[in-house]
Amino acid sequence: VMFVTAFWRLDTSGFATVLDRSFSLANFVDLVRTPVYRVVALRTLGIAVAVTVVDALIALPMAFYIAKLASVRARRLLMALVVTPLWASYLVKAYAWRGMLAQDGVLNWLLQPFGGHGPGFGVVATTLTLAYLWLPYMILPVVTGLERIPNSLLEASSDLGARAGTTLRSVVLPMLFPSIVAGSIFTFSLTLGDYITVKIVGGSTQMIANVIYDNIGVAGNLPFAAATALFPVAAVLLYLALVRRTGALENL
């Protein structure tokens with residue numbers, strides 16, 4: 001239904017706005033030709049990639065400690081701590097980050113004695129907040145993937161003289177790649193569709209979902225909103241197609 005609606009348009013030539021259900025590419029032409037929409041689309045993709053990379057970098061050491069180094073009792077406690085934030089309200093967590101990133105927030109209070117300051121509201125704040133929100137979705141599959149890797153492989157790599165970095169690159173990461181991909185699907189797709197966090201900590205920054213939201217609630221232009229919504233859908237489908245070519249989905 002959304003795909004079909006994207007080819008309709010609003011006729012504003014008369015005194016009243018009328019929904020024209022005849023086939024038209026006008027919405028897509030506006031999306032491609034209007035510079036602001038291209039900038040918002042590229043910014044959204046950049047934030048989604050950045051969130052995924054940040055979550056992967058944080059999740060790897062955390063998941064390795066949980067899966068390979070922690071005792072059974074500590075592992076249960078740490079997994080509970082990872083999952084617990086998912087029970088908290090999305091808005092509570094986003095506004096908590098707003099409080100930390102504000103001009104008079106905790107982050108500036110900690111950095112000011114050293115001559116530093118926080119990033120304020122904007123792209124960086126949006127990336128940090130979204131990375132925090134989606135981090136459990138990256139940690140959980142990575143922990144599962146690490147638990148499937150036998151300790152004997154790590155011991156054999158060490159016995160053959162490989163250092164920790166070499167073992168990580170040559171043994172752990174190739175076997176862990178499907179799990180990282182599984183987590184990235186969540187972080188990437190959830191970021192593409194988010195429009196609330198950027199309103200809370202993004203300042204004047206907009207993402208593609210904000211354009212969709214504004215055209216539904218403010219402008220009332222449902223055909224243009226539908227055409228815009230096809231962008232994140234297409235981006236996720238393209239990402240899944242690229243991931244599938246790597247064979248990662250078959251090895252989950």
Side-chain angles (χ1 to χ4, degrees), residues 1-8 23-60 63 123 126-127 130-131 133-146 148-149 168-198 206-213 215-216 222-252:
V1 172
M2 184 179 69
F3 181 77
V4 173
T5 307
F7 294 96
W8 298 346
F23 180 85
S24 174
L25 296 174
N27 295 323
F28 297 99
V29 172
D30 289 341
L31 282 173
V32 173
R33 289 185 177 179
T34 307
V36 65
Y37 296 132
R38 296 199 300 268
V39 171
V40 171
L42 292 175
R43 181 191 299 132
T44 303
L45 284 176
I47 292 175
V49 171
V51 167
T52 300
V53 172
V54 169
D55 279 345
L57 292 176
I58 296 175
L60 281 172
V123 172
T126 302
T127 303
L130 289 173
L133 291 172
W134 313 142
L135 182 59
Y137 297 105
M138 179 66 78
I139 293 178
L140 293 176
V142 173
V143 169
T144 302
L146 284 168
R148 295 175 181 173
I149 300 177
L168 178 64
R169 292 194 307 271
S170 303
V171 179
V172 176
L173 287 181
M175 299 184 68
L176 196 60
F177 182 68
S179 299
I180 297 175
V181 167
S184 70
I185 292 173
F186 287 102
T187 58
F188 185 77
S189 59
L190 289 172
T191 300
L192 281 180
D194 190 274
Y195 68 96
I196 299 176
T197 294
V198 69
Q206 276 200 329
M207 295 174 64
I208 198 69
N210 297 114
V211 178
I212 301 170
Y213 176 82
N215 276 279
I216 292 176
L222 294 181
F224 189 80
T228 308
L230 292 179
F231 168 75
V233 172
V236 171
L237 292 177
L238 177 61
Y239 182 70
L240 290 175
L242 294 175
V243 166
R244 186 180 181 184
R245 290 180 64 87
T246 66
L249 296 180
E250 287 75 10
N251 295 323
L252 286 176

Checklist entry - Could you give all pairs that pass the salt bridge (Lys or Arg N to Asp or Glu O under 4.0 Å) test and reach residues 233-248, with sequence neighbours left out? => result R244-E250
Next on the checklist: Run the side-chain contact (heavy atoms from CB on, under 4.5 Å) test against V32 and tell me which residues pass, sequence neighbours left out.
Outcome noted: none
Next on the checklist: In the structure I gave you, are the side-chain heavy atoms of V123 and I47 within less than 4.5 Å of one another anywhere?
Outcome noted: yes
Next on the checklist: Before you tell me yes or no, could you show the steps for L192 and V233 under side chain to side chain contact (heavy atoms under 4.5 Å, CB included), namely the whole-Å CA-CA distance, both residues' side-chain angles and the distance that decides it to 0.1 Å?
Outcome noted: CA-CA 9 Å; L192 281 180; V233 172; over 6 Å; no
Checklist outcome for this item: Closest non-hydrogen contact found for S189 with V236 is CB-CG2, 3.9 Å
Checklist entry - Out of curiosity, L242 CG to L237 CG, how far, rounded to the nearest 0.5 Å? => result 11.0 Å
Checklist entry - In Å and rounded to the nearest 0.5 Å, what is the CG to OH distance from L190 to Y137? => result 6.5 Å
Item to check | Qualifying residues under ring pair (Phe, Tyr, Trp, His ring centres under 6.0 Å), relative to F177, sequence neighbours excluded | outcome: none
Checklist entry - F7 vs F28 aromatic rings, parallel, tilted or perpendicular, using cut-offs 30° and 60°? => result tilted
Next on the checklist: Quick one, L222 and N215 - any side-chain contact, counting heavy atoms below 4.5 Å?
Outcome noted: no
Checklist entry - Can you name the residues that form a side-chain contact (heavy atoms from CB on, under 4.5 Å) with A56, not counting sequence neighbours? => result M138
Item to check | Those residues that, when tested against M175, pass side-chain contact (heavy atoms from CB on, under 4.5 Å) (two or more places apart) | outcome: I149, L153
Checklist entry - So, T52 and T187: side-chain donor and acceptor under 3.5 Å apart, yes or no? => result yes
Checklist entry - Going through the distances and angles, do V142 and L176 end up as a side chain to side chain contact (heavy atoms under 4.5 Å, CB included)? => result CA-CA 7 Å; V142 173; L176 196 60; 3.9 Å; yes
Checklist outcome for this item: Across all chains, not counting sequence neighbours, the ring pair (Phe, Tyr, Trp, His ring centres under 6.0 Å) partners of F231 are none
Checklist entry - L173 versus I180: any side-chain heavy-atom pair under 4.5 Å? => result yes
Checklist outcome for this item: For T44, the side chain to side chain donor-acceptor pair (under 3.5 Å) test, sequence neighbours excluded, returns none
Next on the checklist: For a quick test of reading the model, state the closest non-hydrogen atom pair linking L45 to A235 and the distance between them.
Outcome noted: CD2-CB, 4.2 Å
Checklist entry - Within a radius of less than 6.0 Å around CZ of F188, do more than 12 heavy atoms belonging to other residues, nucleotides or ligands occur? => result yes
Checklist entry - Tell me, which pairs form a side-chain hydrogen bond (donor to acceptor under 3.5 Å, both in side chains) where one or both residues lie in residues 27-39, sequence neighbours left out? => result none
Next on the checklist: Restricting to side-chain contact (heavy atoms from CB on, under 4.5 Å), what partner residues turn up for P136, sequence neighbours left out?
Outcome noted: V82, L86
Next on the checklist: If the condition is side chain to side chain donor-acceptor pair (under 3.5 Å), which residues does T191 pass it with, not counting sequence neighbours?
Outcome noted: W134
Next on the checklist: Under the criterion side chain to side chain contact (heavy atoms under 4.5 Å, CB included), I'd like the reasoning laid out for T5 against M2: C-alpha separation, chi angles, the key distance, then a yes or no.
Outcome noted: CA-CA 5 Å; T5 307; M2 184 179 69; 5.6 Å; no
Next on the checklist: Would you compute the distance between atom OG1 of T228 and atom CG of L31 and round it to the nearest 0.5 angstrom?
Outcome noted: 4.5 Å
Checklist outcome for this item: residues 170-198 vs salt bridge (Lys or Arg N to Asp or Glu O under 4.0 Å), sequence neighbours excluded, gives none
Next on the checklist: Applying side chain to side chain donor-acceptor pair (under 3.5 Å), can you list everything that pairs with S184, at least two apart in sequence or on another chain?
Outcome noted: Y239
Checklist entry - What closest approach, in Å, do A209 and G193 show between heavy atoms, and which atom pair accounts for it? => result CB-O, 3.7 Å
